[in-house]
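Each residue takes its place number in the sequence, starting with 1. Because the structure is predicted, anything quoted here is derived from the model rather than measured.
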Amino acid sequence: MNMPSCTPMHVTPVDIVAGVCTTGLPSDVTIEVGEISFLLHKFPLLSRSGLLKKLIAESSKEDGSSCVLQLHDVPGGAKTFKDITRFCYGVKLEITSLNVVSLRCAAEYLQMTENYGEGNLVAQTEAFLNEIFSNWPDSIKALETCEEVQPFAEDLHIVSRCIDSLAMKACSDPNLFHWPVAGSNCKQNQADNSALWNGISSEKPSQLHDWWFYDVSLLSLSLYKRLIIAIEVKGMKSEVVAASLIYYLRRFLPLMNRQSSFTDTSHATIPNTSEADQRALLEEIVELLPSKRGVTSSKHLLRLLRTAMILSASSSCKENLEKRVGAQLDQAALVDLLIPNMGYSVETLYDIDCIQRILDHFMSIYQPASVAASPCIIEQGALIAGADALTPMTMVANLVDGYLAEVASDTNLNLTKFQALAVAIPDYARPLDDGIYHAIDVYLKVHPWLTDSEREQLCRLMNCQKLSLEASTHAAQNERLPLRVIVQVLFFEQLRLRTSISGWFFVSDNLENGQHHSGNFGLTNSDTRQGETAEGNENLRERLLDLEKECSSIRNELQKLTKTKKSWSIFPKRRNRGHGSFWCRRFPITAAYP
């Protein structure tokens, strides 16, 4: 019956047996569990519990009056103890996966063994546990309830047995053993998983690998860690383990779902999770991620890194993520590299320093030591030996050039940081310099206040010889570039055309010689080739004439500027030399352009 809050609640034998009347004798023992007092009889308890038998014997009085016992430490509290007293009074007890763990622990605590009656509670609960260990849903439910009585469950090895059972089932195909997936919105899992498999689109059936993701995500962090470690030890693929860890994080960290669909209900985050708890969770999960390259997508690693910065995670956690991203930077996407600057003194819009550290780590792995020592001189044999590393290096070069083009629009980005990122990529990693030229052009457009020397310094980052025809044409007409660079672009384009024309003439001469030696055989084919060669030569001559006109126009402009400004910066004169400037000696334009 209900009593005021200051008075403990009393439970009588009639309450316990659900209305089944006993002998009508008054209670002779009172057992207090928490704030509830149980008014019971000694005999039903003595016949089932060794602990109660001992305590009643010690506290009984000679006059036979009622004794009072306190069992505040009984596992499961008053709720579990009420079920146990019902069992002692002979009422049939319904054991389920939700109460078996607390009943088993309480039965052990009260010493309800076979010494105190056949079919006692220890034997019954132990038999039921062995049954549910063969069933996935019930094993999950039982493991969840272990948290309420964890010290006792650990002593009885219930937790470890549950984890071993679940790990074995997770590593097996549930269809082979007809294991029903727990009642956790299984259909929703299957529908959502077609759009998410380790962070990428996949058509793999969910029941093959990730059917257990949702169920284990219901566990607390401590139990989940032990389970995921056991699953990995059992031989689960690292990719699946990483995918499960990301799934678990997305349920608890709202920042991990910023770019997910609004209709994605399977990854709904747990509300009211404090920032400190989110930070601790993130740091724990990062330590559990498999270290093998590529098992965790770069997209998720970079999102983890961004989340770690927002939550002010430990420096070791952020460093760990940066190294993981650096080891597989060639797999990253440009949009994921655009991490906002989280510092208190925000200088730039994006965190350039973070990307610099990631890039440095990538270079320490993929750049050969000999190339790092002398990046400008590369032997052909070294390139062949490092052919496997050249592809990731080229991919990262394109990625960095694209990143530079994005961040170049930030007016607060200083020249030093821009150059540091650009020069980190060796020259041989860029087959073409169109990407870095585009980044330089954007930077010059957004930073018009750069001095002439700074613009010259910036343009040294690109190699004019490696610009495509389209990029060369654009650069030749780009007013933001220094005139020295424009002239250099035109020179190399003309040189390339002259070389092409020489090659055409060489092929044409060979065809003519071959025709004389072969007589009349293949005459029709030779005429066709000669016609194509003549047409190609004519096109090249036209392009060459256009370039020569452009160079002539630029020379006229240079002469006008020389008259108005004697000491022009792009023609530095050397002392004690009478043969023109350093630029003219290195690139003899007068000889190249008739």
Side-chain angles (χ1 to χ4, degrees), residues 397-398 401-402 404-405 408-409 415 418-419 422-423 425 427 430-504 536-565 568-572 580-594:
N398 295 332
D401 291 347
L404 287 171
S409 58
L415 182 59
F418 185 92
Q419 287 178 304
V423 300
I425 301 295
D427 184 67
R430 292 187 175 100
L432 290 175
D433 274 19
D434 290 12
I436 188 64
Y437 165 66
H438 175 59
I440 291 172
D441 184 41
V442 174
Y443 192 87
L444 289 173
K445 182 178 180 180
V446 179
H447 302 78
W449 54 83
L450 292 179
T451 63
D452 291 341
S453 61
E454 288 175 333
R455 291 194 302 152
E456 290 276 355
Q457 187 179 2
L458 180 63
C459 290
R460 292 194 189 101
L461 297 174
M462 68 175 177
N463 186 349
C464 295
Q465 300 182 63
K466 295 168 64 177
L467 293 178
S468 65
L469 180 60
E470 182 181 1
S472 297
T473 304
H474 184 277
Q477 303 172 8
N478 193 343
E479 298 179 353
R480 289 184 287 272
L481 296 178
L483 286 177
R484 180 201 296 267
V485 177
I486 296 176
V487 174
Q488 190 176 4
V489 169
L490 290 171
F491 168 75
F492 285 120
E493 187 173 357
Q494 189 192 39
L495 186 63
R496 185 161 52 231
L497 285 172
R498 285 183 177 275
T499 303
S500 299
I501 290 174
S502 300
W504 279 105
N537 290 342
E538 185 63 28
N539 293 334
L540 288 174
R541 288 192 185 96
E542 292 178 0
R543 178 60 181 158
L544 182 58
L545 289 174
D546 292 340
L547 283 174
E548 290 175 347
K549 291 178 181 178
E550 292 179 9
C551 290
S552 177
S553 176
I554 290 176
R555 282 190 299 181
N556 294 334
E557 293 294 332
L558 294 179
Q559 291 174 0
K560 293 179 182 178
L561 289 174
T562 306
K563 294 178 181 179
T564 57
K565 190 175 182 179
W568 193 34
S569 60
I570 70 168
F571 286 120
S581 66
F582 167 78
W583 179 263
C584 293
R585 287 195 305 276
R586 187 172 183 182
F587 302 111
I589 299 177
T590 55
Y593 296 96

Heavy-atom closest contact (Gln457 atom, Gln419 atom, distance): CG-NE2, 3.0 Å

Inter-residue atom distance Leu415.CG - His447.NE2, 0.5 Å rounding: 8.5 Å

Heavy-atom closest contact (Arg455 atom, Arg480 atom, distance): NH1-O, 2.8 Å

Donor-acceptor contact present, side-chain Asp433 to main-chain Met462, <3.5 Å: no

Plane angle bin for Phe418 and Tyr443 - parallel if under 30°, tilted between 30 and 60°, otherwise perpendicular: tilted

Atom pair CG/CD1 of Asn398 and Ile436 - distance to nearest 0.5 Å: 11.0 Å

Minimum-distance pair of heavy atoms, taken over all atoms of His438 and Ala405: CD2-CB, 3.6 Å

Value rounded to 0.5 Å, distance of OG in Ser472 from CG in Asn478: 12.0 Å

Positive for side chain to side chain contact (heavy atoms under 4.5 Å, CB included) with Tyr437, one of Leu461, Leu481, Val442: Leu481

Distance (rounded to the nearest 0.5 Å) between Arg484 CZ and Ile486 CD1: 12.5 Å

Where Ile425 and Ala397 come nearest, the two heavy atoms and their spacing: CG2-CB, 3.6 Å

Flag, side chain of Asp434 to backbone of Ser468, donor-acceptor distance under 3.5 Å: yes

Closest non-hydrogen atom pair, Cys459 against Pro482: SG-CD, 3.6 Å

Exercise: identify the closest heavy-atom pair between Arg430 and Asp401: NH2-OD1, 2.9 Å

